[in-house]
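Just below is one structure, and these are the notes that go with it.
This is a predicted model, so every value here is computed, not measured.
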Amino acid sequence: MVTIPVVFHVFMPTRPKTSATSSSSSSSQVLNDDFRRTNPDQDDIWPQAADTEIEFCLATRDPNGAPSDGILRVPTTSGSFGTSDNVKFTSAGGSDAWPTADYMNFWVCNLGGGLLGYAQFP
């Protein structure tokens with residue numbers, strides 16, 4: 001079994017309205033259910049589906065070894081981000097990735113231009 005620490009970079013308005021903790025925990029659970037094939041809607045229609053023996057957990061330590069809950073709450077005054085990847089760089093108003101060899105990074109923000117989300121190829 002492989003366990004991958006996850007960090008959520010959650011962009012919060014200067015006056016946050018919601019809790020990042022519950023949605024990040026529930027997102028981690030969905031990943032675990034899907035990768036372990038324990039999700040409630042799994043069935044035998046896709047016989048090639050299998051338990052990958054990969055699990056995800058919120059990071060408990062940051063890259064410097066300090067305690068972490070795996071959720072970076074990043075204050076922002078930006079109304080939205082686009083596909084320019086600015087959200088992934090502190091120098092562009094975003095939040096730098098934790099080392100990708102050690103963590104899976106997710107950025108949670110308002111997206112503009114009609115986007116619902118986007119991902120890069122692995």
Side-chain angles (χ1 to χ4, degrees):
M1 166 110 61
V2 173
T3 302
I4 299 172
V6 172
V7 59
F8 287 91
H9 305 254
V10 180
F11 290 82
M12 311 286 283
T14 51
R15 292 185 175 176
K17 297 177 185 173
T18 60
S19 167
T21 304
S22 62
S23 60
S24 299
S25 294
S26 107
S27 296
S28 294
Q29 186 59 52
V30 169
L31 280 171
N32 284 328
D33 289 345
D34 287 342
F35 276 77
R36 295 301 313 266
R37 198 171 187 236
T38 59
N39 48 331
D41 63 346
Q42 69 88 13
D43 54 34
D44 292 324
I45 292 175
W46 297 97
Q48 67 273 34
D51 178 356
T52 63
E53 297 189 13
I54 297 172
E55 289 189 352
F56 302 87
C57 68
L58 291 172
T60 58
R61 298 272 174 202
D62 73 10
N64 298 317
S68 172
D69 65 359
I71 304 167
L72 298 180
R73 293 157 185 85
V74 183
T76 184
T77 56
S78 175
S80 65
F81 290 90
T83 58
S84 65
D85 282 343
N86 284 347
V87 72
K88 299 177 185 178
F89 300 98
T90 302
S91 63
S95 177
D96 292 334
W98 287 12
T100 58
D102 301 316
Y103 302 92
M104 178 174 272
N105 289 266
F106 290 93
W107 288 265
V108 181
C109 65
N110 288 328
L111 290 173
L115 295 170
L116 296 176
Y118 73 97
Q120 300 300 314
F121 297 110

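- Of all heavy-atom pairs spanning Ser68 and Asp62, the tightest one is CB-N, 3.9 Å.
- In the hydrophobic clustering of ILVMFWY residues, with side-chain heavy atoms under 4.5 Å counting as a link, Tyr103 and Val2 come out apart.
- Here the rule is side chain to side chain donor-acceptor pair (under 3.5 Å) with Asp33, and of Arg37, Arg36, Gln29 only Gln29 fits it.
- Going from atom CH2 of Trp107 over to atom CZ of Phe81 covers 12.0 Å, rounded to the nearest 0.5 Å.
- Leu58 approaches Ser28 most closely through the heavy-atom pair CD2-OG, 3.8 Å.
- Connection of Leu115 to Val108 is not established within any shared hydrophobic cluster, with ILVMFWY side chains joined at heavy-atom distances below 4.5 Å, either directly or through further cluster members.
- Atom-to-atom distance recorded for Ser95:OG and Asn86:CG is 13.0 Å, nearest 0.5 angstrom.
- Under a hydrophobic-cluster definition in which Ile, Leu, Val, Met, Phe, Trp and Tyr are linked whenever side-chain heavy atoms come within less than 4.5 Å, directly or via other members, Phe11 and Val7 are assigned to the same cluster.
- In this structure, the separation between CG on Leu111 and OG1 on Thr83 is 9.0 Å, given to the nearest 0.5 Å.
- For Val87 against Cys109, the heavy-atom pair with the smallest separation is CG2-SG, 3.8 Å.
- Residue Ile54 holds its CD1 atom at 12.0 Å from CG of Asp34, rounded to the nearest 0.5 Å.
- Asp96 and His9 get closest at one heavy-atom pair: O-CE1, 3.1 Å.
- Evaluation of the side-chain contact (heavy atoms from CB on, under 4.5 Å) rule for Val6 yields Phe8, Phe56, Met104, Phe106 as partners, not counting sequence neighbours.
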